[in-house]
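For reference, the structure discussed in these notes is given below.
Every chain is numbered from 1 and lettered A, B, ... according to where its sequence line falls, protein lines coming before strand lines.
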2 protein chains.
Amino acid sequence: MTESDSAAESPRPRRRRKEARPGEIIDAGLQEFAENGFAATRLEDVAKRAGVVKGTIYRYFSSKEELFEAALSSRITPFFDDVAGLVAAYPGSSEDLVRTALPRIYKALFEDGLHVLMRIIITEGGRFPAIAEQYHRRVISRGQEVLTALVRRGVESGEFRRSALTELPIVIVAPAVMTIVWKMTFDRFEPIEARRFLAAHVDMVLEGLLARDDKTEK
Amino acid sequence: MTESDSAAESPRPRRRRKEARPGEIIDAGLQEFAENGFAATRLEDVAKRAGVVKGTIYRYFSSKEELFEAALSSRITPFFDDVAGLVAAYPGSSEDLVRTALPRIYKALFEDGLHVLMRIIITEGGRFPAIAEQYHRRVISRGQEVLTALVRRGVESGEFRRSALTELPIVIVAPAVMTIVWKMTFDRFEPIEARRFLAAHVDMVLEGLLARDDKTEK
DNA sequence: CCTGTTAATGACCAGGAAGTCATTAACAGG
DNA sequence: CCTGTTAATGACTTCCTGGTCATTAACAGG
């Protein structure tokens, strides 16, 4: 236990990786911000998670806020493009299209990591208008366009009935939003099964959209 | 501009109001917490808003966190009781019941101040399990019971079709949750009209729940 | 009107975290 | 192998805010 025999006290191996650092820091930041929120996140923790030292962060980002914005911007891939393509090219009925599109949104959200992003937007969006604005423009508006296209398709083919819902198609994805909120607050007390949730979601949406025709079996 | 002629420098009038203070501080705290979140809220600001000085807060609450919890607990009135009563006593059809109940939920949320509470739960619930738990037990569970009762009523009368949605009735209120989230993030860029939103909501829910009977008019 | 109790004040302290910077040592290029 | 450039370090500074406490002055009760 003498201090001289300690193999500890490793002075920390340095490594210069100009290319990789920013990305690693952003990843770490995203995680921390999602867990703690902006104000409660310590840059020290972000640094630890990224395997660097706090000072290093400032070589790439000039402030905590800049890191925050960079982290969020970096991930705003218009993920609705996937669904947009689907809607544009789908050969089958509009009902089947909905049954295909909604699971895909859930997949993007929960299997790929998109819900982490959404969580941050939900919790911090109100306090960072610039970020919320960007997100609104690049994700939400886009999503509304896609939903509008989807709804129009169904209405024009006669499958969907025109209604207040078809005038405000964003409401269609509400259950997905609720799922995100649930996961971040109540899931530990009452875990939700994504599968059942999705089923109920599809059910609600579809029976609300479908014009009745063959379903007259009373 | 001499300093002696300044009628300013009022030394702040003291007032002893043991009864009223806690409530005023809680109100102020609720506002600040809703606007800034727990971590970013300064007790100094809460004090200013309440018309007192920071030290005064500590006469009634022993820490920032205790104030936070007290503020939230104080408002967890089981507001679903209103709707519960409605469901239990409603004389008309289940469709009409839904058309009556949903607007009432929106009213509680947006006209009375309940959405402020919800906003805090949504943004901070993940970081304060004790609070989320309380809320889950006293509001969410209660809400689910009410929705379950409502759905069962409709199913038993034959008005509603049994489905994945009737197995998971919480999904029914998802659009209201989305509205809260929207108001706190995107409303400044694209304000939503509660009326239209509610209409679309009712529309989606109802057509999803209603078994088809008379609606065979194609 | 006096006076003891205690609500309220505001100056203060301590700790924590954002941000800085002089120093160090990887690495590339000669 | 040498050496200049600069990525990376970590000790340091500064500021902010939660929390404390001695002092003050409302008010109630005698």
Side-chain angles (χ1 to χ4, degrees), chain A residues 6 8-72 124 127-128, chain B residues 6 8-72 120 124 127-128 131:
Chain A
S6 68
E9 299 310 310
S10 51
R12 172 185 280 264
R14 283 193 192 186
R15 208 61 58 83
R16 314 179 106 205
R17 317 209 337 274
K18 194 185 171 185
E19 319 301 322
R21 286 305 189 216
E24 293 170 359
I25 293 169
I26 279 177
D27 283 350
L30 230 27
Q31 293 289 352
E32 292 288 329
F33 287 133
E35 275 173 34
N36 316 114
F38 178 80
T41 289
R42 284 178 294 256
L43 248 18
E44 201 88 55
D45 292 342
V46 174
K48 191 178 300 174
R49 186 170 221 143
V52 297
V53 136
K54 190 175 60 172
T56 303
I57 294 178
Y58 285 88
R59 181 157 301 280
Y60 300 101
F61 307 95
S62 66
S63 72
K64 185 183 181 182
E65 191 160 336
E66 192 182 295
L67 168 62
F68 184 65
E69 294 181 1
L72 286 175
E124 305 292 340
R127 258 156 268 146
F128 293 89
Chain B
S6 68
E9 299 308 313
S10 53
R12 172 185 279 265
R14 283 193 192 187
R15 209 62 58 81
R16 315 180 105 205
R17 303 187 311 123
K18 194 184 172 188
E19 320 300 322
R21 287 303 190 216
E24 292 170 1
I25 292 169
I26 279 178
D27 283 350
L30 230 26
Q31 292 289 350
E32 292 289 329
F33 287 133
E35 274 173 34
N36 315 113
F38 178 80
T41 288
R42 283 178 295 258
L43 248 17
E44 201 87 57
D45 292 342
V46 174
K48 191 178 300 175
R49 186 168 223 145
V52 296
V53 138
K54 190 174 58 171
T56 305
I57 294 178
Y58 285 89
R59 180 156 303 280
Y60 300 101
F61 307 96
S62 66
S63 72
K64 186 183 181 183
E65 191 159 336
E66 193 183 295
L67 168 61
F68 184 64
E69 296 180 0
L72 286 175
I120 299 178
E124 305 291 339
R127 258 156 268 145
F128 293 88
I131 287 174

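- Rounded to whole angstrom, the span from the CZ atom of A:R16 across to the C1' atom of D:dT5 amounts to 7 Å.
- The shortest distance between the side-chain N/O atoms of A:R21 and the OP1/OP2 oxygens of D:dA8 is below 4.0 Å.
- B:D45 is not listed as a side-chain neighbour of B:N36, based on a closest heavy-atom distance of 4.5 Å or more.
- A:F61 contributes atom CZ, which lies 4.0 Å from atom CD1 of A:I26 (distance to the nearest 0.5 angstrom).
- Inter-residue side-chain proximity for B:F33 and B:K64 is flagged as met; some heavy-atom pair is nearer than 4.5 Å.
- The residue among B:R17 and A:V52 whose nearest nucleotide of DNA chain D lies closer to the 5′ end is A:V52.
- The distance from atom NZ of B:K48 to atom P of C:dT9 is 14 Å, rounded to the nearest whole Å.
- Crowding of B:R15 atom CZ: a count of heavy atoms from other residues, nucleotides or ligands under 6.0 Å not exceeding 12.
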- With sugar-phosphate taken as primed atoms, P, OP1 and OP2 and all else as base, the protein-contact string of nucleotides 12-23 of chain C at under 4.0 Å (heavy atoms; B, S, -) is -----SBBB---
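- Distance alone, capped at 3.5 Å, places no donor-acceptor pair between the B:K54 side chain and the B:R42 backbone.
- Between the CZ atom of B:F128 and the CD atom of B:E69 there is a distance of 7.5 Å, given to the nearest 0.5 Å.
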- Can you check side chain to side chain contact (heavy atoms under 4.5 Å, CB included) on A:R21 and A:Y60, steps first, answer last? CA-CA 8 Å; A:R21 286 305 189 216; A:Y60 300 101; 3.6 Å; yes
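- For C:dG15, the paired base is D:dC16 (Watson-Crick or G-U wobble, both distances below 3.5 Å).
- Across the strands present, D:dT24 finds its partner in C:dA7; the criterion is a Watson-Crick or G-U wobble pair with both atom distances under 3.5 angstrom.
- Note that OG1 of B:T41 is 9.5 Å distant from CZ of B:R49, once rounded to the nearest 0.5 Å.
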Under 3.5 Å between N/O atoms: give me all the protein pairs with nucleotides 28-30 of chain C, atom names plus distance.
none

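- Between the OH atom of B:Y60 and the C1' atom of C:dA8 there is a distance of 8 Å, rounded to whole Å.
- Distance CZ (B:F61) to P (C:dA7): 14 Å, rounded to an integer number of Å.
- Pairing of C:dG29, defined by two Watson-Crick or G-U wobble distances under 3.5 Å, is identified with D:dC2.
- A:F68 contributes atom CZ, which lies 9.0 Å from atom CG of A:L30 (distance to the nearest 0.5 angstrom).
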